[in-house]
Enquirer: 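Please read through the structure below; I'll follow up with questions.
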Amino acid sequence: MEHIDPELLALIALGEPVATSETERHLDECDECADSLAGLRRAALAGRATLDAGDLERPREVVWERIASELALGRSAAPAAPVPDAVPATSAPLSSRAAARRHAARRRRPGRRWGLAAAALLVAGAGLGTWAWTSSTTPTEIAQASLGAFPDHPGAQGTAVVEENSDGSRFVRVEVSADAAPDTYREVWLIAADASELVSLGVLDDDTGTLTVPAGVDLARFPLVDVSQEPVDGGPDHSGDSIVRGELSFS
């Protein structure tokens, strides 16, 4: 009985939709190929488990040399540089498909073919784990607002974008274009829809800035983003001189 190509099994283990009905029947009838696929799937799961492993150490050169010697790959098998922090979600499947196309036309010894398939699978699994970790730590945009000028500040404009981290913390990225007045500074506020309450987010030191939204503040209750011009008098209250203001639109 002719067995399934190891590289095809590796692609199936990665979840690629490459199995035909004939392949499925073979897996049902051939214990050897079924066991090999189960092992490759365990390897893929192990690679994805690096999600919570933190920073991984790059093996020393001698480790790659021993692997290359064992699989008869030559020194070119050793990676030239560390794996980058962020790996696009599509990189692992594309690499596997490209590898399958490259090597399908070549004849190799069975041991080397299985070694390359397993190595490619582990690398792909690690790539998926890195991508998942990167995705989980990337802030999510949850609201945005266009900030319009008040009559005393014609031509002023701005934007506000609220993002949320995976731990639930939120921050506002504010950008304002307006003429600066001497002996004043700008402060960013969240204001209730009826203007009955407000929360200060802090001072906007420049035309752009990122300010933390205090824990417990309900943005649905305070949907207005306001940037005010404040005199340098030490007073904590809103001066009443708003430069721009806009209402948040939630994603």
Side-chain angles (χ1 to χ4, degrees), residues 1-138 140 166:
M1 177 184 296
E2 184 177 352
H3 296 294
I4 299 174
D5 186 282
E7 290 166 356
L8 180 59
L9 283 178
L11 292 176
I12 296 172
L14 282 171
E16 288 290 296
V18 294
T20 63
S21 57
E22 183 179 351
T23 303
E24 297 289 353
R25 284 196 301 271
H26 182 90
L27 288 170
D28 290 337
E29 299 170 357
C30 178
D31 291 339
E32 182 177 343
C33 287
D35 290 343
S36 298
L37 178 60
L40 290 170
R41 280 175 171 159
R42 286 193 295 270
L45 288 174
R48 293 186 178 99
T50 59
L51 172 60
D52 299 319
D55 294 335
L56 302 179
E57 294 185 7
R58 184 171 185 254
R60 293 177 299 169
E61 184 71 20
V62 65
V63 176
W64 294 111
E65 290 177 355
R66 290 172 181 171
I67 293 174
S69 175
E70 179 69 21
L71 299 178
L73 302 179
R75 290 188 54 83
S76 61
V83 177
D85 291 338
V87 179
T90 58
S91 62
L94 288 176
S95 298
S96 301
R97 287 194 291 269
R101 288 195 298 269
R102 276 200 309 273
H103 300 309
R106 303 177 186 174
R107 292 185 177 181
R108 305 187 189 91
R109 290 173 297 175
R112 185 181 179 188
R113 290 171 64 83
W114 278 111
L116 286 175
L121 184 62
L122 287 172
V123 170
L128 289 172
T130 303
W131 168 78
W133 178 85
T134 302
S135 298
S136 70
T137 56
T138 301
T140 302
S166 58

Enquirer: How close do Leu27 and Ala34 get, counting heavy atoms only, and between which atoms?
Expert: O-CB, 3.7 Å

Enquirer: Going by heavy atoms in the side chains, are Leu9 and Asp5 under 4.5 Å from each other?
Expert: no

Enquirer: Tell me, do Arg41 and Ile12 make a side-chain contact under 4.5 Å, heavy atoms counted?
Expert: yes

Enquirer: Please report the interatomic distance CG(Leu8) to OG1(Thr20), rounded to the nearest 0.5 Å.
Expert: 7.5 Å

Enquirer: Atom OG in Ser36, atom CD1 in Ile4: separation rounded to 0.5 Å?
Expert: 9.0 Å

Enquirer: Side chains of Val18 and Thr23, heavy atoms from C-beta outward: is any pair under 4.5 Å?
Expert: no

Enquirer: Answer whether the closest heavy-atom distance between the side chains of His26 and Glu2 falls below 4.5 Å.
Expert: no

